[in-house]
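See structure below.
Atom set for the values below is all heavy atoms of this structure, side chains included, hydrogens, waters and symmetry mates excluded.
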Amino acid sequence: MNYQWSEQWNGYRSVIKLDLPADTWIYKSECSMIKLVDMPPLSAGVFMTGDVSSCDVIVVGKGENFLLAGAVTAHRSQTIFRVLLEQRRLTGIEVWQPEIRAGESPEEMVILEGNDWRELLSQYADIAAEKAGVAPIEAKKNMTGYCSWYYYYKDVSEKNMLENVDALIANRTPYSADYIQIDDGYQTFQGDWLDQHENWPTPIEEIAKKITSAGIGAGIWTMPTTASTGSRVYREHPDWFVKKENGETAVLPGWSPAPDNLWACLDATNPGAREHIANVFKTFRAMGFTYFKMDGLYFGLQKGVRYDRNATAVSGFRLLLETIRKAVPDAVLMACSEPFLPCLGLVDNARMSNDTSRYFSKKEKPQLLDCSIEAAFKISLANFWMFDRWFRCDPDVVMARQNNAFYSRNEAKISVLGGIMTGVSFTSDHLGLIDPDRNELLAKAQDIRMRKVRPFNSVPNAWADTFEGVVDGKRAVAVVNFSDTAKIQTLESLQMPEKCVDLLDGRRVLHTLTLEPHDAVLLVSAE
């Protein structure tokens, strides 16, 4: 490709020239919580219907002819791809690396061609992982855990947490958590991670000791890229945060109430800021915490002026992750609300989706936007090519409980299936209150693993509802019915033998599968 620095685009720009019909299939990288930077105006003379843009990777094609364009490094800039349409033809893919400056080398890319878009994505995942020095992830068993957020949300108290810790210690079967994560709510302000809220009178270290003494890993939630302007760390060290050109702090609105609502971006290029965040993680590690959920990471991509004026948002972000990795080399680092490629090689686990919720879909709660069981499942599985290759992939928490829940048991099966297919099944279910039947369903996300997951005969520009893979060495097919009407399929159409068993419910299926609305099955041969 002919890369060139563009003053108009303020970055490197190129166009991959194509000539494809307008109804060409398009796969774009999915993570709805990642906000792409503002796109520059389209090139002169280009007619575009809609804006189809993607970060890191894009696939276009039809039938058995597909082309993948993907970035394999993100040292200084993310790479954004956008499809160009002209006179009802797909005429190209615009490539933009907004933080590459004049005279700098662009981020590395690959272009792959083949007859199966799923295989191209897997090949791309391997190339980028090898470039970052990431070996295939064994993931011998599913990772399990507990966090309080999707039961109590911001109103969690120490009493709530300790009640659940006691229940998790007492109820080790059938579901057993590898980690208990203290969630958002223990701290005074966003950014003051070592200052405890008055609702948490017991020292965090004592809670960690209670968890670890029961043979469970202790985890804790932070947002290491961020501090609110109400926080002590911001008031005492405003120079540690990214600035505007006029010297004022660059802030973004966060989800916390005032005075904790305006969030500044920690500038990791500042030695004092690096020392501070390293100390936070080292202190937690000394307390016994071995699992760190790092939320709101996209706030670390704040545009602005940094201590090192040669740094970019992406290079500063990576420096922060490198600092944390060095501070706690033996801990599990879980990235949430993150840019995928800049995290590659620097974290262990990564969220694949937006938030889930106690509702199945936004139909029941429109104000939730795309925070639902349905949306989290769809987006997580759209990123199937990352599973156990880039990260241990987190589909957000598994919902199975019957209380404080606004979904059916069948809808809970869809949530559980997400844990089975990704191999990560944290939950917010209260194990002291959950019905035995729901606890057994939850445990399936712990005990069953579907590997080598990929969409089954689906097109890349539609949400997949049927997947193929392997369970215990046997070919397996998962089918989800998102619709409001029953779904009927033959086993032959799924390329499955005449007799199958549904691992989600233990029922046998002969010849024809009838799936109720908002339900799921995981089929393997009954032989």
Side-chain angles (χ1 to χ4, degrees), residues 25-34 54-61 66 68 70 72 112 114-129 134 136-139 142-143 335 338-341 343-344 347-354 356 370 373-396 398 414-425 445 448-471 475-480 482 494-495 503 520-524:
W25 292 339
I26 302 167
Y27 171 93
K28 61 177 186 168
S29 181
E30 292 290 350
C31 191
S32 67
M33 292 185 76
I34 305 303
S54 180
C55 217
D56 299 339
V57 64
I58 194 167
V59 184
V60 299
F66 291 93
L68 175 149
V72 295
L112 305 174
N115 60 8
D116 190 322
W117 65 279
R118 302 165 301 178
E119 287 297 324
L120 291 181
L121 282 166
S122 295
Q123 291 173 30
Y124 164 68
D126 284 340
I127 293 169
V134 177
I137 300 165
E138 290 190 22
N142 293 0
M143 182 180 286
E338 76 284 7
F340 291 129
L341 190 56
C343 288
L344 183 57
V347 302
D348 305 289
N349 292 25
R351 262 277 293 278
M352 290 291 100
S353 70
N354 55 343
T356 186
D370 285 330
I373 292 173
E374 179 182 17
F377 180 94
K378 287 178 174 178
I379 295 172
S380 293
L381 269 297
N383 293 314
F384 67 94
W385 48 275
M386 294 187 213
F387 295 179
D388 292 344
R389 195 61 191 96
W390 279 19
F391 321 102
R392 292 208 71 170
C393 294
D394 189 319
D396 208 3
V398 173
I414 297 174
S415 181
V416 166
L417 184 59
I420 290 171
M421 291 202 282
T422 59
V424 177
S425 59
I448 304 170
R449 180 66 198 278
M450 186 177 179
R451 301 177 185 274
K452 300 180 180 179
V453 173
R454 67 179 194 174
F456 174 81
N457 285 349
S458 66
V459 296
N461 60 341
W463 295 116
D465 58 13
T466 307
F467 304 86
E468 61 184 356
V470 176
V471 175
R475 183 174 184 273
V477 171
V479 185
V480 182
F482 295 112
L494 298 172
Q495 299 175 16
L503 296 181
V521 296
L522 175 56
L523 303 176
V524 297

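- The shortest side-chain heavy-atom distance between Phe340 and Met352 falls under the 4.5 Å cut-off.
- Salt-bridge annotation for Asp396 and Arg351: present, with a side-chain N of the basic residue lying under 4.0 Å from a carboxylate O of the acidic one.
- Here Val459 pairs with Trp25, Asn461, Ala462 under the side chain to side chain contact (heavy atoms under 4.5 Å, CB included) rule; sequence neighbours left out.
- For the residue pair Ala476 and Val524, the shortest heavy atom distance occurs at CB-CG1, 3.7 Å.
- Contact record, Arg449 with Ala139: NH1-CB, 4.1 Å, taken as the closest heavy-atom pair.
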Audit row: Ile414, Glu374, side chain to side chain contact (heavy atoms under 4.5 Å, CB included) steps and yes/no
CA-CA 8 Å; Ile414 297 174; Glu374 179 182 17; over 6 Å; no
Under the side chain to side chain contact (heavy atoms under 4.5 Å, CB included) criterion, do Trp463 and Ile379 qualify, and how do the steps go?
CA-CA 8 Å; Trp463 295 116; Ile379 295 172; 3.7 Å; yes
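- No side-chain donor-acceptor contact under 3.5 Å links Tyr27 to the backbone of Val57.
- What you find for Val453 and Met450 is that their closest heavy atoms are CG2-O, 3.3 Å.
- The two residues Cys393 and Thr422 make their nearest non-hydrogen contact at O-CB, 3.2 Å.
- Proximity of a side-chain donor or acceptor of Ser29 to a complementary backbone N or O of Ser54 within less than 3.5 Å is not detected.
- To the nearest 0.5 Å, the span separating CG on Leu522 from CZ on Phe467 amounts to 11.5 Å.
- Nearest approach of Asn142 to Gly419, heavy atoms of both residues: ND2-O, 4.3 Å.
- With rounding to the nearest 0.5 Å, the separation of CG in Asn115 from CG in Leu120 is 8.0 Å.
- A heavy-atom distance below 4.5 Å is found between the side chains of Arg389 and Asp126.
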CA sep, side-chain torsions, deciding dist, call: Leu121, Phe384, side chain to side chain contact (heavy atoms under 4.5 Å, CB included)
CA-CA 9 Å; Leu121 282 166; Phe384 67 94; 4.1 Å; yes
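- Here the CZ-CG distance, from Phe377 to Leu417, works out to 4.5 Å after rounding to the nearest 0.5 Å.
- Looking only at side-chain heavy atoms (C-beta outward), Pro395 and Val424 come within less than 4.5 Å of each other.
- We find the CG-CG distance between Asn349 and Asp394 to be 7.0 Å, quoted to the nearest 0.5 Å.
- Every residue meeting the ring-ring contact (aromatic ring centres under 6.0 Å, His included) condition with Tyr124, not counting sequence neighbours, appears here in chain and number order: Trp385, Trp390.
- Applying the salt bridge (Lys or Arg N to Asp or Glu O under 4.0 Å) definition to pairs two or more places apart or across chains, those involving residues 454-463 are Asp116-Arg454, Glu119-Arg454, Arg454-Glu468.
- Expressed to the nearest 0.5 Å, how far CG of Asp465 lies from CG of Leu381 amounts to 10.5 Å.
- One distance of note links CG of Leu68 with CG of Leu112; it measures 5.0 Å at 0.5 Å rounding.
- Scanning all heavy atoms of the two residues, the minimum distance from Ala350 to Glu338 falls at CB-OE2, 3.3 Å.
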